Amino acid sequence: MAVITFSKVDAYAGHPEKKLTLYMLMLGFMALMLGTFFGPLQSLNYGGLDLYPYLKPLIQSYYQGLSLHGVLNAIVFTQLMAQALLVYFPARELGYRPNMTLAWVSWWMALVGLLIAAIPLLLNAASVLYTFYAPLKAHWAFYVGAAIFVLSSWVSAYIVLQMWLRFKRENPGKITPLVTYLSLIHWLMWFLASLGLVVEVAFFLIPWSFGWIEGVDPLLMRTLFWYTGHPIVYFWLLPAYVVAYTILPKLAGGKLISDPLARLAFLLFLLFSIPVGFHHQFADPGIAPGWKFVHTVLTMMVAVPSLMTAFTLAASLENAGRARGGKGLLGWIRALPWDNPSVLALLLGLLAFIPGGAGGIVNASFTLNQAVHNTTWIPGHFHLQVATLVTMAVMGTAFWLIPHLTGKPLLRPGLAWASMWLWFIGMFLMTFALHWMGFLWGIPRRAHIAESPAAMEAYRESAAWMTINIVSGIILFVAAVMFFYVIFATALQARRDFSEYQEIPFAEVISKPEGSSLALMTDRVGFWFGVAVVLILVAYGPVLFQMFTHMNPVPGMRLW
Ligand code: HEM
Ligand SMILES: [Cu+2]
């Protein structure tokens, strides 16, 4: 018979890595859906509206919900996205099949780790927030599950390293292709960065939660945590940057302006994203101000690659806008394909990154941090970064990637488009209110204020901002429902049509790497990895040595 039908088997024939990518992506979106469910409730809380009594007995407290929100969104969703995108893209760029045995190992580790950690979270036995600072003590299954989940990312890192080494072996003297280079740097950075968390969990929190050791030292735990805790945000951000550098220019109708500059930006992230964690510990005792100052300066260094990115991307987008006929100083902006939901998501996300970055520089400015530390300013800041740019970049990518992986066309593109506008508007309003509530009234983050009449009385003057929180919570709820409807309806439909969606829309570049001494220099990956290690040893070595040799373990407590 001459009828062409595509069965599930055909869909992945020749590309088993497509299936793996789809699994990672969809598991990530499921985590995001459950985690995001609590977001609007938290916004209502910061507007004085308390809906938590209605969640009982399923959810016991605001803090249980907040733990789920932070862990599922900021740890689970983000890592699965990196594992989906930054293994698949380099594989397709190189035309290699990733080591599928290891790829499935990474999937099962992620799934099993997630399920193990989910049980205590859902049973209110790990309501310690996603930072799990000691001496707050969670159920052992939370730490064990989290460890298995995070170690799954090492397997992904190794798969990409393997593909890169194969490329180098088969192409001596050739420069690493761009997407592969950016992905490799991302994974190498993450491997170095995750060591703090791995040491904290494997050598302290797990033995402690099993009762093999009596106590742990809170300062050392926080220091190890933030050794990973800062670069983890670059672990979230770089997949979005890979999409913005290597795919967005094409979707927008233009080319990437400079390949070597993209490489340089990523190299700077490898060097400077780790030795900066004390900017999360400006308010901690037991760390000398001199060291805090060193980390302040290094933190300013890590802003440089994002500023570079702003210029390279803006120039690439201008190139696209002019190619599409945009004239004059700003006409190129109007000429961009704003009607394409994938492009829209990234453009809006990048726009939010401007105030987001500015706030970050405030946070990092040592003494200025005192004005905003542990207030709602901080969630205001990072929702612009991770909940707007990073999340929207992945959402926008999913609009073409799910069709590409499955052959199932995007359902309701209009709804997808509208959901991105609403998500952006909601986040913009919410972060605006949270910034000012924190800065002007010192309203604390991580607080169930709606439940406390005393708090509501104390913060009465911020009523206008609180109203904005309520409005933003409702808008974001609607945006989330629309978005998840589009994603799951697209993935679950029976229709397949492979006539489109064959290629990944990798952008062409104007300034190429061949013949660029900058690109050649950045390609000495082993050398730069060594430099990154040295910088870490200098910035962390003496302080960690002191802390390890003067530990003050304290017993754990469960206050919920
Ligand atoms: C509908 C969308 C969302 C809304 C309305 C929302 C709202 C909020 C609010 C109001 C807070 C502060 C809670 C507090 O300090 O007590 C918060 C915290 C947080 N949110 Fe979201 N959020 C949303 C989506 C996201 C996404 C997509 C991510 C990450 C990918 C994210 C990551 C976080 C993290 C890491 C925290 C900090 C948790 C903690 O302090 O332990 N949120 N969110
Ligand atoms: Cu940081």
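Because the structure is a prediction, the values reported are computed rather than measured. Note that ligands are numbered from 1 as they come in the structure, with each ligand's atoms numbered from 1 the same way.
Interface of Arg445 with ligand 1, defined as ligand atoms under 4.0 Å from a residue heavy atom, comprises 15 (O), 37 (C), 39 (C), 40 (O). Of all atoms in ligand 1, listed by their number and element, those nearer than 4.0 Å to a heavy atom of Ala447 are 16 (O). Atoms of ligand 1 lying under 4.0 Å from at least one heavy atom of Leu129, given by number and element, are 41 (O). For ligand 1, the atoms lying closer than 4.0 Å to a non-hydrogen atom of Leu476 are 1 (C), 5 (C). Near Tyr46, with a cut-off below 4.0 Å to any heavy atom, the atoms of ligand 1 are 13 (C), 14 (C), 15 (O), 16 (O). Ligand 1 places these atoms under 4.0 Å from at least one heavy atom of Thr391: 27 (C), 30 (C). Within ligand 1, the atoms closer than 4.0 Å to a non-hydrogen atom of Ala74 are 35 (C), numbered from 1 in the order shown.
For Tyr46 and Tyr459, the ring centers are positioned 6.0 Å apart or more. Between Phe282 and His373, the ring centre distance reaches or exceeds 6.0 Å. Residues His69 and Tyr62 place their aromatic rings such that the two centres sit no closer than 6.0 Å.
Residues Gln83 and Ser152 have side chains that bring a donor and an acceptor to within less than 3.5 angstrom of each other. Under the 3.5 Å distance criterion, with hydrogens and angles disregarded, a donor-acceptor pair is assigned to the side chains of Trp190 and Ser153.
Ligand 1 lies within reach of Ser43, whose nearest heavy atom is under 4.0 Å from it. Residue contacts with ligand 1 do not include Phe38, since none of its heavy atoms lies under 4.0 Å from the ligand. Ligand 1 has at least one atom lying under 4.0 Å from a heavy atom of Leu66. Using a 4.0 angstrom heavy-atom cutoff, Gly473 does not count as in contact with ligand 1.
Within a 6.0 Å sphere centred on CZ of Arg446, other residues, nucleotides and ligands contribute more than 12 heavy atoms. Applying the 6.0 Å contact sphere to OH of Tyr63 captures more than 12 heavy atoms from other residues, nucleotides or ligands. Counting non-hydrogen atoms of other residues, nucleotides and ligands closer than 6.0 Å to CD of Glu461 gives a total of 12 or fewer.
Protein heavy atom in closest approach to atom 4 (C) of ligand 1: Gly39 CA, 3.4 Å. Closest to atom 34 (C) of ligand 1, if we only count protein heavy atoms, is Phe382 CE1, 3.3 Å. Considering only non-hydrogen protein atoms, atom 1 (C) of ligand 1 sits nearest to Thr36 CG2, 3.4 Å. Atom 3 (C) of ligand 1 has its closest protein heavy atom at Met427 CE, 3.5 Å. Nearest protein heavy-atom contact of atom 29 (C) of ligand 1 is Asn73 CB, 3.4 Å. The nearest heavy-atom contact from the protein to atom 40 (O) of ligand 1 is Arg446 NE, 2.6 Å. With hydrogens left out, the protein atom closest to atom 16 (O) of ligand 1 is Tyr62 OH, 2.7 Å, a heavy atom.
Angle NE2 (His69) to atom 21 (Fe) of ligand 1 to NE2 (His383): 170°, rounded to 10°.
Using cut-offs of 30° and 60° on the angle between ring planes, the pair Phe529 and Phe191 is parallel. A perpendicular orientation is assigned to the rings of Phe29 and Phe484, their planes being inclined by more than 60° (bins at 30° and 60°). Note: Phe89 and Trp400 have parallel aromatic rings, judged against thresholds of 30 and 60 degrees for the angle between ring planes.
No other N/O/S atom of His279 lies as close to the Cu ion (ligand 2) as NE2 does. Counting just the N/O/S atoms of His280, the one with the shortest distance to the Cu ion (ligand 2) is named NE2. In His230, the N, O or S atom that comes nearest to the Cu ion (ligand 2) is ND1.
Considering backbone and side-chain N/O atoms, Gln42 comes within less than 3.5 Å of an N/O atom of ligand 1.
For the atom pair Tyr540 OH and Phe278 CZ, the distance stands at 5.0 Å (nearest 0.5 Å). Distance CZ/Phe293 to CG/Leu298: 10.0 Å, rounded to 0.5 Å.
Neither the backbone nor the side chain of His448 has any atom closer than 4.0 Å to an atom of ligand 1 (non-hydrogen atoms only).
Using a 4.5 Å heavy-atom threshold, the side chains of Met33 and Phe488 count as touching.
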